[in-house]
Amino acid sequence: MHDTFGRAIDYLRISVTDRCNERCLYCMPEGYKGWAQKADHLSAAQIVAVAAAASRLGFRKFRLTGGEPLIRADFLEIACGIGALPGLHSLGVSTNGLKLAPLARELARAGVRSANVSLDALDPARYRRITAGAVSAVLAGIRAAQAENIFVKLNCVLMRGVNEEDYRPLVRLSAELGAPLRFIELMPLSRTDVLTGENFLSVEELRRRLDAESPLEPLPDYRPGHGPARYWRDQATGAHLGFIGAITTADFCASCNKLRLTADGKIRPCLGRHGELDLKSALASGAPDALETLLAQAVAQKPENHEFAENYQPSRPMTAIGG
Ligand code: SAM
Ligand code: SF4
């Protein structure tokens, strides 16, 4: 499908839960406890039904996220259902990696081919301060996923004065593992207080810094996983470094190819704008094509750009929307 700006939309990112086993500084709002009612979440069968409708419209790429998707007890049922869709091009998961080691084999069997693993710091104390988790479990998870031939990418959110000392060690790890590393600009999602002039670090500033230390060569045609990152290769180590500059990259939205399905059954045309369409009545109606009609409406409503630069105030946590 194409939206009104001529972009091909074939990627559905699905938040399967708004809950998480970490508490990242920039993501989980203070005191947030998730929904009182788990019944607000879509069931596994409903999620697969939405993905199947998207697939009939030509969507070929699916990513399961959250919150932390791997804490959902029926996660494998969802992955298997989507993994079996005809014409599927890719099924990935975005995870903090804590539960990746015990689940990697079953994920691969279910059809998961890629994992984006959040890794904001390698230093165990800093990792714990940022996320409240244990970095050793994440590293074990990454290696377990790679052992199952799951393609791993690493995600690091940039925070000036918080994890700057970790960027070079992460580049080295990326080269060692053969896993592309993406640096992500802090966005005003879930909470705005963490995104201040003091701790915001743009991808361009970091790219220049890394380039000055060790030259980077642009890779204009490299686009693993069809995400928004622009890639460079660190010539010294061979690491593939992606830069996701949602705030400062002028034409960031030009390559947008996705819709989001929220954990509570809303279709969100844009991460950085508030509009959502409610899928629950379409799911309940059972009418033929009801889901396809709603998904097509959401594609038609995709705005040209996000509105982060226009004093955007979050109203829904990132965990519900699906990062
Ligand atoms: N729990 C999984 C994880 O951490 O990868 C999946 C969900 S998380 C919301 C998905 C991605 O969103 C992660 O890479 C995380 O770092 C990123 N993220 C969350 N809040 C963010 C923010 N305020 N700015 C930039 N990226 C953010
Ligand atoms: Fe949880 Fe991921 Fe948000 Fe961290 S970024 S709190 S791991 S959902």
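Residues take their numbers from the sequence shown, with the count starting at 1. Order of appearance sets the numbers: ligands from 1, and atoms from 1 within every ligand.
Annotation for ligand 1: atoms under 4.0 Å from non-hydrogen atoms of Val157 are 16 (O), 26 (N). Each of the following atoms of ligand 2 lies closer than 4.0 Å to a heavy atom of Cys24: 4 (Fe), 5 (S), 6 (S), 7 (S). If you number the atoms of ligand 1 from 1 as listed, the ones under 4.0 Å from a heavy atom of Leu186 come out as 24 (N). Within the listing of ligand 2, atoms 6 (S), 7 (S) sit less than 4.0 angstrom from a heavy atom of Glu22. Listed by number with element, the atoms of ligand 1 under 4.0 Å from a non-hydrogen atom of Met187 are 22 (C), 23 (N), 24 (N), 25 (C), 26 (N). Residue contact check: Thr65 has heavy atoms under 4.0 Å from atoms 6 (C), 7 (C) of ligand 1.
Of the charged side-chain nitrogens involved, at least one lies within less than 4.0 Å of a carboxylate oxygen, so that Arg230 and Asp251 count as a salt-bridged pair. The residues Glu176 and Arg172 are annotated as not salt-bridged, no charged nitrogen and carboxylate oxygen being separated by less than 4.0 angstrom. Residues Glu198 and Arg160 are not paired through a salt bridge, judged by the lack of any N-O separation under 4.0 Å between the basic side chain and the carboxylate. The pair Arg109-Glu106 does not meet the salt-bridge criterion, since no charged nitrogen lies less than 4.0 angstrom from a carboxylate oxygen.
Polar contact check, Ser118 against ligand 1: a nitrogen or oxygen pair lies under 3.5 Å apart. Close N/O approach between Asn116 and ligand 1 is not found [any backbone or side-chain N/O within under 3.5 Å]. Note: an N/O pair closer than 3.5 Å links Glu68 and ligand 1 by distance alone.
For Glu185, the heavy-atom gap to ligand 1 drops under 4.0 angstrom. Residue Cys20 places no heavy atom under 4.0 Å from ligand 1. At least one heavy atom of Gly67 sits less than 4.0 Å from an atom of ligand 1. Within the structure, ligand 2 has Gly67 among the residues with a heavy atom less than 4.0 angstrom away.
Counted within 6.0 Å of CD on Glu205, heavy atoms from surrounding residues, nucleotides or ligands total more than 12; the atom is thus considered enclosed. More than 12 heavy atoms of other residues, nucleotides or ligands shown are found within 6.0 angstrom of CZ on Arg209.
Using modelled atom types, one finds no donor on one side chain facing an acceptor on the other under 3.5 Å when comparing Tyr231 with Arg223. There is a side-chain donor-acceptor pair under 3.5 Å between Arg182 and Asn155. Remark: the Thr95 side chain and the Glu68 side chain contain an N/O donor-acceptor pair separated by less than 3.5 Å. If you check the side chains of Ser202 and Glu185, you find no donor sitting under 3.5 Å from an acceptor.
Taking 2.8 Å as the threshold, Cys27 counts as a candidate ligand of atom 3 (Fe) of ligand 2, since one of its N, O or S atoms lies below it. For atom 1 (Fe) of ligand 2, the set of nearby N, O or S atoms under 2.8 Å includes one belonging to Cys20.
Of the options Ser15, Gly97, Cys24, Gly66, the smallest heavy-atom separation from atom 8 (S) of ligand 1 is shown by Gly66.
Contacts of Asp120 with ligand 1, taken as heavy-atom pairs under 4.0 Å, are absent altogether.
Taking the side chain as every heavy atom from C-beta outward, Ile47 and Phe62 never approach each other to under 4.5 Å.
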